[in-house]
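For reference, the structure discussed in these notes is given below.
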Amino acid sequence: MTARTQELAAVCQAMRAESLVALAIHEGPDGDAVGAAAGMLDLFAKLGVEAHLFVEPGVVLPLAAEFLPPAFVVAGPPPAAATVYALDCGSAARLAVKLGDQRRRTVNIDHHHDNTRFGDLNLVDGAASSTSELVCEIGVGLDLRFSPSAAAALYAGISFDTGHFQHASTSAATFDCCARLVADGADPNRVYRLLYGTRSLASLRLWARAIGGARPAACGRALLALLTAEDFAATGAADEETEGIVDALRSVPGVEVAALSRSHGDGQVKVSLRSEGFDVSAVAGLKGGGGHRQAAGFTTGGTVEEVTQWLSTVLDERLSTASC
Ligand code: AMP
Ligand code: MN
Ligand code: MN
């Protein structure tokens with residue numbers, strides 16, 4: 001039995017024994033976090049267990065209109081008696097809901113290689129493509145099928161985290177899950193159009209600003225883009241519409257590390273890092289962030305200019321540019 005199989009069996013057993021569950025996901029939720037939550041809500045409904053997703057007021061949930069029935073989302077802290085199921089979140093500090101000091105039983109389901117294993121029970125596999133893939137496997141473990149809407153949400157979560165099946169994390173197990181989800185009613189064409197086939201003019205204008213101002217660093221082995229509050233105001237685009245910019249920068253031949261730093265004028269800068277080969281989670285870790293080797297991020301104080309300067313210096317050192 002692999003560690004993943006053992007942990008999976010323990011989580012399935014725990015889920016069957018629950019009576020009250022609070023789902024939690026990482027701050028700045030993405031398609032995988034939302035997909036995994038929708039899948040878990042469906043499984044708990046089928047087990048007859050009361051479950052809701054809890055987030056801080058004001059947290060934006062992407063794709064929620066498609067995949068998360070409003071009645072299952074609560075803005076505020078979860079009840080003390082609920083077991084917390086943390087999804088797609090590498091550490092307790094990153095959860096999109098404040099749990100307070102009270103000790104709560106926690107089940108941690110995630111695929112970040114730097115996950116701190118903060119749960120009483122952990123199903124953590126850094127080799128899994130996504131948390132949505134792990135939730136799909138929980139469905140198999142519980143011998144439950146997904147509703148068409150939950151299947152579509154999980155398929156979307158997998159598509160989101162694999163960049164539509166292009167990243168190295170895409171495995172045979174990923175496609176096994178997707179086959180099952182399509183059989184349960186996920187429509188690949190509809191999900192593709194939802195995730196990748198629509199882009200607003202405001203978003204394209206924001207992309208143009210970011211890409212137009214991108215600066216090479218480390219002798220061209222890194223490409224660093226930045227967006228200020230003024231860029232967001234001038235284009236009318238929202239933060240979610242930055243999704244994909246950093247991947248476009250990474251696609252330039254010779255670029256091993258791409259970064260997008262952005263600020264909304266509140267003194268906080270959010271940075272997305274992507275790489276080919278190089279471990280960007282180690283760079284993110286220097287500023288208290290983390291993620292995967294090839295996709296990581298952090299949030300820090302300062303201006304986008306200062307953060308980009310810092311990144312440029314660190315990448316100059318770490319990409320060993322002595323010979324150029
Ligand atoms: P993003 O660039 O926001 O799509 O994030 C890429 C990856 O880095 C995701 O797997 C995130 O979970 C992770 N990540 C982003 N920001 C942080 C952070 N502040 N702390 C830890 N991990 C992060
Ligand atoms: Mn995520
Ligand atoms: Mn994920």
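Order of listing sets the numbers, starting from 1, for every ligand and every atom in it. In this text the structure is predicted, and so the values were computed from the model without any measurement. Because only heavy atoms are used, hydrogens play no part in the values below, and waters and symmetry mates are left out as well, while side chains stay in.
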Inset, instruction - Enumerate the atoms of ligand 1 whose separation from the nearest heavy atom of His292 is less than 4.0 angstrom. - result: 10 (O)

Inset, instruction - For atom 15 (C) of ligand 1, find the nearest protein heavy atom and state the residue, atom name and distance (0.1 Å precision). - result: Gly297 CA, 3.5 Å

Legend entry - Distance-only side-chain donor-acceptor flag, Asp88 / Thr131, under 3.5 Å: yes

Legend entry - Element-labelled atoms of ligand 1 that are located less than 4.0 Å from some non-hydrogen atom of Ser272: 1 (P), 2 (O), 3 (O)

Legend entry - N, O or S atom within Asp32 nearest to the Mn ion (ligand 3), by name: OD2

Legend entry - Any Gly90 heavy atom less than 4.0 Å to ligand 1: no

Legend entry - Donor + acceptor pair across side chains of Asp114, Ser281 (<3.5 Å): no

Legend entry - Verdict with supporting geometry, Asp184 and Arg145, salt bridge (charged side-chain N to carboxylate O under 4.0 Å, His left out): CA-CA 7 Å; Asp184 283 351; Arg145 303 303 299 213; 2.8 Å; yes

Inset, instruction - Compute whether any side-chain donor of one residue and acceptor of the other, for Asp231 and Thr228, lie under 3.5 angstrom apart. - result: yes

Legend entry - Sub-4.0 Å atoms of ligand 1 with respect to non-hydrogen atoms of Gly289: 18 (C), 20 (N), 21 (C)

Inset, instruction - Could you name the option among Gly290, Gly244, Gly291 that has the heavy atom nearest to atom 23 (C) of ligand 1? - result: Gly290

Legend entry - Non-hydrogen atom of Glu27 closer than 4.0 Å to ligand 1: no

Legend entry - Side-chain H-bond candidate by donor/acceptor type, Gln268 with Thr299, under 3.5 Å: no

Inset, instruction - Could you grab the angle centred on the Mn ion (ligand 2), going from OD2 in Asp88 to OD1 in Asp30, to 10°? - result: 90°

Legend entry - Closest protein heavy atom (residue, atom, distance) for atom 7 (C) of ligand 1: Ala295 O, 3.4 Å

Inset, instruction - Would you please classify the geometry between the Phe54 ring and the His52 ring as parallel, tilted or perpendicular, with 30° and 60° separating the classes? - result: perpendicular

Inset, instruction - May I ask you to identify the nearest protein heavy atom to atom 19 (N) of ligand 1, giving residue, atom name and distance to one decimal place in Å? - result: Phe298 CA, 3.6 Å

Inset, instruction - Establish, from distance only, whether the side-chain atoms of Thr174 and Glu133 form a donor-acceptor pair under 3.5 Å. - result: yes

Inset, instruction - Would you mind checking which non-hydrogen protein atom is closest to atom 4 (O) of ligand 1, with the distance to 0.1 Å? - result: Arg274 NH2, 3.0 Å

Legend entry - Best match, His112, His26, Gln294: closest heavy atom to atom 12 (O) of ligand 1: His112

Legend entry - Validation row, ring centre His292 to ring centre His111 under 6.0 Å: yes

Legend entry - Ser200-Arg205 side chain donor-acceptor pair, cut-off 3.5 Å: no

Legend entry - Heteroatom of His111 nearest to the Mn ion (ligand 3) (N, O or S, atom name): NE2

Legend entry - N, O or S from His26 under 2.8 Å to the Mn ion (ligand 2): yes

Legend entry - Residue and atom name of the nearest protein heavy atom (relative to atom 3 (O) of ligand 1), distance in Å to one decimal: Lys270 NZ, 3.2 Å

Legend entry - Among the N, O or S atoms of Asp161, the one nearest the Mn ion (ligand 3): OD2

